[in-house]
Amino acid sequence: MLATQTLTLPKISYWAIAPEAILVGGALLMLAMSATIRSKIDPAIFSIITFVTSLASIGAGVILYINVLKHGKYLAFDGALSVDGFGIIVGMAVGVAIAIFALGSEGFLSREGWDGPELLALGLLSGTGAELMAMANDLIMIFLALEILSIALYVLAGMDGRRTASGEAAIKYLILGGFSSAIFVYGIAFVYGTTGSTNLAQIAAFFATNLLAHDGLFLVGMTLILVGFAFKVAAVPFHVWSPDVYQGAPTPATSFMASVAKLGAFAALLRVFLSAFISYKQDWQPLVYGIAFASLLLGAFGGLVQNNVKRMLAYSSISHAGFILLGLVVGAELGAQRVVIYLVAYTFIVMGAFSVITVVGGKGDNNHDISNYRGLAREHPWLSGSLALFLMAQAGVPFTVGFVAKFGVLSALASSGGVGSYTLVIVALVSSVISAFYYLRIVVVTYSSPVGIGAIEPEPLVESTHVASELESSKMEELSMEYSALKVAIDYDIEEIERALDESPLEDPIGKVPLSSTIAISISAVATVALGVFPGILFALVSHATFLF
Amino acid sequence: MTVSVSWYVILGAILFTIGVVGLLVRRNVLIMLMCIELMLNASNLTFVSFARQHQDVGGQADVFFVLVVAAAEVVVGLAIIVSIFRKRLGATADDLSSMKG
């Protein structure tokens with residue numbers, strides 16, 4: 001029988017969850033507004049509310065961070081949350097991602113005619129989950145935060161009712177996300193069974209004083225938790241859902257999955273494995289090693305054969321997941337700091353790239369094929385220039401923040417020594433070069449000449465006389481009649497098109513770039529260049545990004 | 001013959017395996033969702049058995065969190081499934097194949 005225990009309620013420190021509480025408040029405000037105000041509300045108002053909310057959340061994070069620097073890290077909510085530099089900085093990066101998401105969605109919402117705050121409100125709620133994940137210090141808390149993050153994302157993925165691909169993406173994400181969550185919880189159950197706690201600090205304390213005689217169950221639990229995380233961050237071999245979901249989801253939602261979801265999941269992954277499970281590093285390191293290796297290679301090669309830009313970026317994010325996992329292979333404080341640098345850098349370049357893709361998507365959110373990017377530079381030199389910048393940053397070109405991120409992780413890995421580390425460094429470099437190919441492919445296409453009438457090669461109607469001779473004479477007659485009819489039709493069409501062209505030039509499917517998207521792209525571009533030229537800012541920022549344990 | 005805690009853990013493992021196999025084998029989205037529920041409940045059973053072994057309330061309390069999350073996931077999941085398959089005939093995963101690559 002369980003002994004009767006008196007429950008002592010934990011002390012609630014509302015300051016510790018201020019950044020998250022602000023996000024929830026903003027989401028509730030928008031939902032209440034749309035429910036009570038009868039007249040149609042301009043999507044710009046919701047975007048502004050979301051933007052201000054995320055700035056307020058970042059502000060609360062800054063206050064919390066200064067407080068931590070002055071008075072030290074502390075535990076809140078009876079050990080469920082750890083208020084430390086690592087969690088707060090990742091939380092602020094989430095805030096930045098939501099702010100850019102809010103700006104980038106404004107143009108999308110008014111272009112597609114979606115009124116209602118759902119997209120932005122769900123984004124804020126999902127971001128709450130990501131910020132909580134970054135601070136969570138208890139496996140159950142991580143699970144809850146993960147679900148807050150994911151459930152909102154399932155809906156975001158399926159929000160576009162006009163495209164069947166969107167619904168398909170939602171179901172694929174839901175089933176595989178639920179599957180990975182279940183695996184994750186089952187892993188937590190085993191870790192709880194062997195250590196007697198789900199609290200990361202208590203698990204670490206348990207391993208500091210105890211040695212498991214039979215650690216089979218614990219190893220199973222740890223592996224299941226790693227698999228659950230690998231699903232969420234889309235690392236090989238648990239990545240299969242990501243290209244489809246990235247392609248099908250509405251583009252702002254895709255940007256959210258690529259940035260916020262990864263920030264939260266990687267922060268929790270690092271905290272769990274570098275604080276609670278650090279004494280089992282010998283056991284998890286080979287697994288992480290293998291996952292990183294496979295992600296780097298598949299992320300690079302998989303993107304080569306894609307023609308959809310969103311799918312290409314899905315593979316690129318798989319490759320980035322490999323790079324971030326390299327930081328976990330390094331382990332300890334150095335690895336964690338370099339991962340934070342990577343995550344902050346990645347936030348800017350991925351949000352910037354997706355803001356451009358959202359604009360290029362055009363009405364209907366369908367123009368994501370690489371052919372839609374042909375000649376983008378002629379009409380929108382500024383748009384294609386910034387896209388080129390973001391893609392070069394993803395490839396790791398110097399003087400962009402992408403280089404700083406990749407250099408940070410790889411130099412830490414190289415300094416950790418060992419043949420394995422050097423092999424991984426070389427694999428990562430090769431992967432970087434290969435993936436640069438498909439980034440460059442997009443850039444080259446944007447600067448090549450747009451498709452005109454003269455560019456289309458007329459296809460021969462009859463391939464060879466040999467085939468024609470085999471046809472019966474009656475069919476020949478039929479064919480020649482069709483041919484002459486077609487020829488007349490084509491000549492007529494060309495005349496028509498030429499006349500139409502004289503009257504008005506080819507319609508630009510993008511139109512005027514919305515001001516909010518321009519701001520979003522500029523913020524990302526400035527950060528990409530500024531942090532790339534002055535990486536000292538980033539390194540100073542992460543010097544306090546440490547765990548409590 | 002006494003029924004020890006390990007029996008329950010083994011039962012949990014069997015239920016979890018049924019869930020995993022079902023999810024991988026069945027093609028009906030509703031049944032796939034049920035398999036996820038089965039996996040979550042297998043974890044719950046494991047939590048409770050370990051809580052019993054440790055004489056600790058914590059593990060039992062964790063079950064409530066998992067239950068709530070499972071319920072929330074089903075609510076959203078069913079809503080998504082209904083909204084998508086209203087336009088289609090059957091709720092089969094094989095129909096979801098407009099994206100490939």
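In what follows, chains are A, B, ... by sequence order, proteins preceding strands, each numbered from 1.
Within residues 176-184 of chain A, the residues having any heavy atom less than 4.5 Å from a heavy atom of chain B are, in residue-number order, A/G178, A/F179, A/S181, A/A182, A/I183. Scanning residues 3-15 of chain B against chain A with a 4.5 Å non-hydrogen threshold yields B/V9, B/G12, B/A13, sorted by number.
Of the residues considered (A/N308, A/N307, A/V155, A/V185), A/V185 shows the highest number of contacts with chain B, using heavy-atom pairs under 4.5 Å. In terms of non-hydrogen atom pairs under 4.5 Å with chain B, the most contact-rich of A/I188, A/L139, A/V305 is A/I188. Each of A/P243, A/S166, A/A189 has some count of heavy-atom pairs under 4.5 Å with chain B, and the biggest count is that of A/A189. Each of B/V69, B/V76, B/L40, B/V20 has some count of heavy-atom pairs under 4.5 Å with chain A, and the biggest count is that of B/V69.
Rounded to the nearest 0.5 Å, atoms OH (A/Y186) and CZ (B/F16) are 6.5 Å apart. Distance check, rounded to the nearest 0.5 Å: CG of A/L217 to CZ of B/F50 gives 5.0 Å. The CD1 atom of B/I36 sits 4.5 Å away from the CD1 atom of A/I175 when rounded to the nearest 0.5 Å.
Contact annotation for A/I140: only side-chain heavy atoms (C-beta onward) come within less than 4.5 Å of a heavy atom of chain B. With a 4.5 Å cut-off on non-hydrogen atoms, B/F47 touches chain A through its backbone and its side chain both. Only the side chain of A/E147 comes within contact range of chain B, with heavy atoms under 4.5 Å apart. Of the two parts of A/F143, only the side chain, counted from C-beta on, holds a non-hydrogen atom closer than 4.5 Å to a non-hydrogen atom of chain B.
Taking a 6.0 Å sphere around CZ of B/R26, one finds it holds 12 or fewer heavy atoms contributed by other residues, nucleotides or ligands. Annotation for A/F301: atom CZ does not count as buried by contact number, only 12 or fewer foreign heavy atoms lying within 6.0 Å.
Across all their heavy atoms, B/I80 and A/A170 have their closest contact at CG2-CB, 3.7 Å.
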